[in-house]
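Quick notes on the structure that follows.
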Amino acid sequence: MTHLLPRSRTRGLLVGLATVPLLALTALPAMASAPARVALPSPNLPSLTGTTTPLDPTTQLPLRVYLAERAGLAAAATAVADPGNPAYAQYLTPVRYQQQFGTTAAETTAVGAWLSAQGMTITATTAHYIAVTATVAQADTAFDTQVSEYDSTVTEFGQTFLVREPGVVGGFSVPATLDGDVASVTGIDQLDLPDQSGGKTAALSPRSPAERTAATATAAAKASTTNDFQCSRYWGQYTDQIPAAYGHTTAPAQLCGYTPDQLRRAYGVGSSPDTGKGVTIAIISSDYKPTMLADANEFFTKHGEAGFAPGQFADLILPTVNSSCADVDIQPDPEEPIDVESAHIAAPDANILNVATDCDELTNGGYLQTWLDGMTPVVDQHLADIVSGSFGIQEAAIAPADTAAWDPIFQQGALEGIGFDFSTGDSGDEVGFPTDPNFSDVHNTQFPATDTWATAVGATSLEIGAGGTVLGDQAWGDNTSDFNAAGTGYVQAPPGTSTGGSGGGISTMFAEPGYQRNVVPAAQATDNGTGPAARTIPDVSTDGGNLWWIGYTGAVTDGVFDEIPEGGATSGASPLFAGLEADAIQALGHPLGFVNPALYRLNATPAVRDILPVNPADPPIVRGEQQGFGPVLPNELVTLGEDTTLTVSRGYDESTGLGDLTK
């Protein structure tokens with residue numbers, strides 16, 4: 001559901017005038033009425049509970065007051081994205097956009113003057129927001145609320161902790177004189193209130209440093225079991241013995257990792273004249289590697305492919321980026337190489353703009369603000385035709401005030417012919433992940449993929465045979481069973497434990513958009529009739545479950561270039577899809593802009609490969625678990641195609657969306 005400000009209304013109240021002598025009214029005391037207010041989106045997390053205590057009135061708050069765009073923006077953006085509308089693809093330049101829909105000088109002045117009158121200190125003014133510092137007392141008065149801390153206890157691993165989180169008690173509003181000028185106020189949820197548990201955060205994608213460290217340690221601990229295991233360079237190249245499972249005593253050997261050529265062939269762009277030429281893809285990255293261009297060129301050269309031509313790759317480094325972005329714990333963050341190289345695999349002649357954002361934001365609201373800051377100059381200056389982001393936060397950990405700031409940027413991009421692709425996450429329906437009990441039992445989709453103005457990209461497990469032929473494709477859902485010590489059975493019977501799967505499900509924040517009606521089954525959109533029809537993700541999927549090679553400095557040894565099979569998951573699927581879009585833009589001769597309305601018209605056509613459910617009695621299996629930070633672990637059986645509780649069905653489903661784009 002988009003966050004729109006209610007317009008003020010004049011209300012009259014006539015109470016029994018026919019039975020009250022009019023002269024008697026003159027004797028009644030005058031009644032003072034409170035100044036009219038306009039409600040704003042709440043700054044509280046949906047999961048916020050506990051005992052409330054007002055914060056110290058002198059506590060400093062860094063706030064952003066987002067300005068409202070002019071009326072008609074959403075309708076105009078919808079029209080240019082709809083292939084059935086006469087305005088389709090009639091895009092605006094940034095200058096024309098600002099003239100027709102941007103915030104005005106009068107609006108900015110009015111809001112700024114009001115903020116100053118409240119005693120707040122203005123620290124920055126942009127075309128989209130006014131940043132201020134304010135005390136809690138000033139915020140309480142200005143927004144007619146009470147900024148407070150919420151205290152609750154959680155129990156994890158047998159220990160109970162006090163958790164302190166910021167929020168407000170009461171509503172959140174501005175005077176009616178600012179109706180239509182203020183869209184949202186953010187920053188309260190970013191206030192740091194240290195708690196005994198070390199802080200409660202929801203699952204972020206890409207993986208946090210702690211998760212990457214744990215993955216590395218796990219791979220290292222099991223590496224001694226690899227011996228002389230031989231992985232396959234294409235699906236089914238080798239077959240190995242396994243303890244009996246699903247009626248089989250042999251299984252295909254796990255893949256080493258697909259090459260750029262294999263992926264290009266599978267997606268039908270290996271020999272295509274459409275290579276993304278003339279198209280620019282912007283990668284929004286919480287990462288910055290000074291060696292990225294050299295690494296990519298070395299990687300593609302090693303695989304017999306062309307790297308980046310002069311001027312084809314560029315960095316846009318935001319002022320907030322600091323040295324921590326190149327800092328590493330045990331392994332460097334592979335996110336930027338995954339995104340840049342995957343987009344180049346699918347669209348080798350497209351321009352890539354890596355937008356490096358702040359790597360130090362430690363709260364969910366801070367991450368959202370940082371990522372939005374990365375997208376904003378791309379839209380304001382029309383620096384790209386497609387934006388790809390391999391990140392997200394569970395909806396239960398996001399305040400409505402934070403998401404409300406995104407839609408105007410999405411809609412501005414749509415009007416300028418810019419599309420936005422986001423990964424759906426790598427933990428299926430998120431049930432049981434992370435361990436925090438506040439989230440572990442919640443079907444929790446990931447923003448910004450859930451936004452109705454974004455294209456949510458999920459992942460499949462693509463089986464590429466010799467010569468790039470597609471032999472099979474199923475929903476990405478890996479479940480692993482360890483061999484027992486004797487190699488005669490399993491520690492846990494197959495399918496075993498989920499080790500990753502494509503994100504999907506229904507949103508708790510956004511209603512079902514028009515382009516999904518009549519395509520998404522009603523039972524999925526309404527959670528089997530338990531609620532109104534909601535936004536469902538993903539929209540589309542590409543490979544991610546079966547990894548591909550990625551090369552970058554520090555992949556294995558700090559300061560040294562190397563390659564690892566780390567290209568997959570939805571972090572790889574989103575830029576891979578963005579590359580395919582770039583190819584389509586070149587073929588069509590015009591930008592696709594917000595692609596969802598056109599994309600859903602491809603439902604049940606040969607343009608999209610419908611991903612069907614696997615046979616649970618005889619699902620696809622491989623011997624060996626693929627590790628991005630280490631060698632294949634051979635004494636494991638991986639069962640493919642079963643993505644937590646997300647269902648796979650003929651047609652649209654909440655695990656793969658419309659399907660994959662393989663040929």
Would you say the side-chain atoms of Asp653 and Thr656 include a donor-acceptor pair closer than 3.5 Å? yes
Nearest non-hydrogen partners of Ala449 and Ser423, listed with the distance: CB-O, 3.5 Å
Checking Tyr234 against Thr469: is there a side-chain donor and acceptor pair closer than 3.5 Å? no
Output, in order, the C-alpha distance, side-chain angles, deciding distance and verdict of side chain to side chain donor-acceptor pair (under 3.5 Å) for Ser481 and Glu636. CA-CA 6 Å; Ser481 299; Glu636 324 266 340; over 6 Å; no
Side-chain donor or acceptor of Ser232 paired with backbone N/O of Trp235 under 3.5 Å: no
Does a donor on one side chain sit under 3.5 Å from an acceptor on the other, for Gln516 and Tyr600? yes
Asp385 side chain vs Val279 backbone, donor-acceptor pair below 3.5 Å: no
Given 3.5 Å as the limit, does a donor-acceptor pair link the side chain of Asp543 with the main chain of Leu462, or not? yes
Closest heavy-atom contact between Trp476 and Thr570? CZ3-N, 4.1 Å
Shortest non-hydrogen contact from Leu646 to Ser502? CD1-O, 3.5 Å
Taking every heavy atom of Trp548 against every heavy atom of Ile345, the minimum-distance pair comes out as CD1-CD1, 3.9 Å
Main chain of Val269, side chain of Ser272: is a donor-acceptor contact present, judged purely on distance under 3.5 Å? no
When every non-hydrogen atom of Gln626 is compared with those of Gln254, the smallest separation belongs to N-NE2, 3.7 Å
Taking the side chain as C-beta and beyond, is there a heavy-atom pair between His248 and Asp618 under 4.5 Å? yes
Would you check if the side chain of Asp610 reaches a backbone N or O of Gly651 as a donor-acceptor pair within less than 3.5 Å? yes
Could you walk me through whether Ile409 and Leu372 satisfy the side-chain contact (heavy atoms from CB on, under 4.5 Å) test, starting with their C-alpha distance in whole Å, then the side-chain angles of each, then the deciding distance to 0.1 Å, before giving a yes or no? CA-CA 8 Å; Ile409 297 297; Leu372 185 59; 3.8 Å; yes
Side chains of Ser574 and Asp421, donor plus acceptor under 3.5 Å: no
Flag the pair Phe391 / Trp371 as yes when their ring centroid distance falls below 6.0 Å, and as no otherwise. yes
Only residue of Thr647, Val648, Val520 satisfying side chain to side chain contact (heavy atoms under 4.5 Å, CB included) with Glu654 is Thr647
Trp549 side chain to Gly257 main-chain N or O, any donor-acceptor pair under 3.5 Å? yes
Which distance, rounded to the nearest 0.5 Å, do you find between the SG of Cys256 and the CG of Asn546? 12.0 Å
Which atom pair, heavy atoms only, marks the closest approach of Pro620 to Gln474? CG-OE1, 3.4 Å
Please report the C-alpha distance between Val519 and Leu658 in whole Å, then the side-chain angles of each, then the deciding distance to 0.1 Å, and finally whether the side-chain contact (heavy atoms from CB on, under 4.5 Å) criterion is met. CA-CA 9 Å; Val519 175; Leu658 296 168; 3.8 Å; yes
As a test of understanding, state which of Pro334, Ser342, Ser388, Ser390 forms a side chain to side chain contact (heavy atoms under 4.5 Å, CB included) with Ser571. Ser390
In Å, rounded to the nearest 0.5 Å, how long is the span from CG of Asp274 to CD1 of Ile585? 11.5 Å
What distance do Glu336 atom CD and Ser285 atom OG have between them, rounded to the nearest 0.5 Å? 5.0 Å
I'd like to check Asp82 versus Arg601 (side-chain heavy atoms, cut-off strictly below 4.5 Å). Are they in contact? yes
Go through the steps to decide whether Ile398 and Leu368 satisfy the test side-chain contact (heavy atoms from CB on, under 4.5 Å), and finish with yes or no. CA-CA 9 Å; Ile398 306 171; Leu368 286 176; 3.3 Å; yes
For Asp583, is there an ion pair with Arg264 - N to carboxylate O distance below 4.0 angstrom? no
Here's a test for you: under ring-ring contact (aromatic ring centres under 6.0 Å, His included), which of Tyr515, Tyr88, Phe410 qualifies with Phe594? Tyr515
Give a yes or no answer on whether the side chain of Thr357 reaches the backbone of Val355 with a donor-acceptor pair at less than 3.5 Å. no
Rounding to 0.5 Å, atoms CG (Asp473) and OG1 (Thr662) come to a distance of 5.0 Å
From Ser47 atom OG to Gln394 atom CD, the distance as rounded to the nearest 0.5 Å: 9.5 Å
Looking only at side chains, do Glu395 and Thr450 share a donor and an acceptor under 3.5 Å apart? yes
Does Asn596 reach the main-chain N or O of Asp539 with its side chain, forming a donor-acceptor pair under 3.5 Å? no
Hey, is CG on Asn615 packed in by over 12 heavy atoms from elsewhere, all under 6.0 Å? yes
Main-chain N/O of Ala404 paired with Ser184 side-chain donor or acceptor, under 3.5 Å: no
Can you confirm whether the side chains of Asp660 and Thr460 place a donor and an acceptor under 3.5 Å from each other? yes
Walk me through it: do Tyr267 and Thr542 pass the test side chain to side chain donor-acceptor pair (under 3.5 Å)? CA-CA 9 Å; Tyr267 281 96; Thr542 59; 4.6 Å; no
For the pair Tyr258 (side chain) and Ile464 (backbone), establish whether a donor and an acceptor sit closer than 3.5 Å, ignoring hydrogens and angles. yes
Measure the spacing between CG of Asp451 and OG1 of Thr403 and express it to the nearest 0.5 Å. 7.5 Å
Test side-chain contact (heavy atoms from CB on, under 4.5 Å) on Thr455 and Phe422 and set out the steps. CA-CA 6 Å; Thr455 299; Phe422 294 100; over 6 Å; no
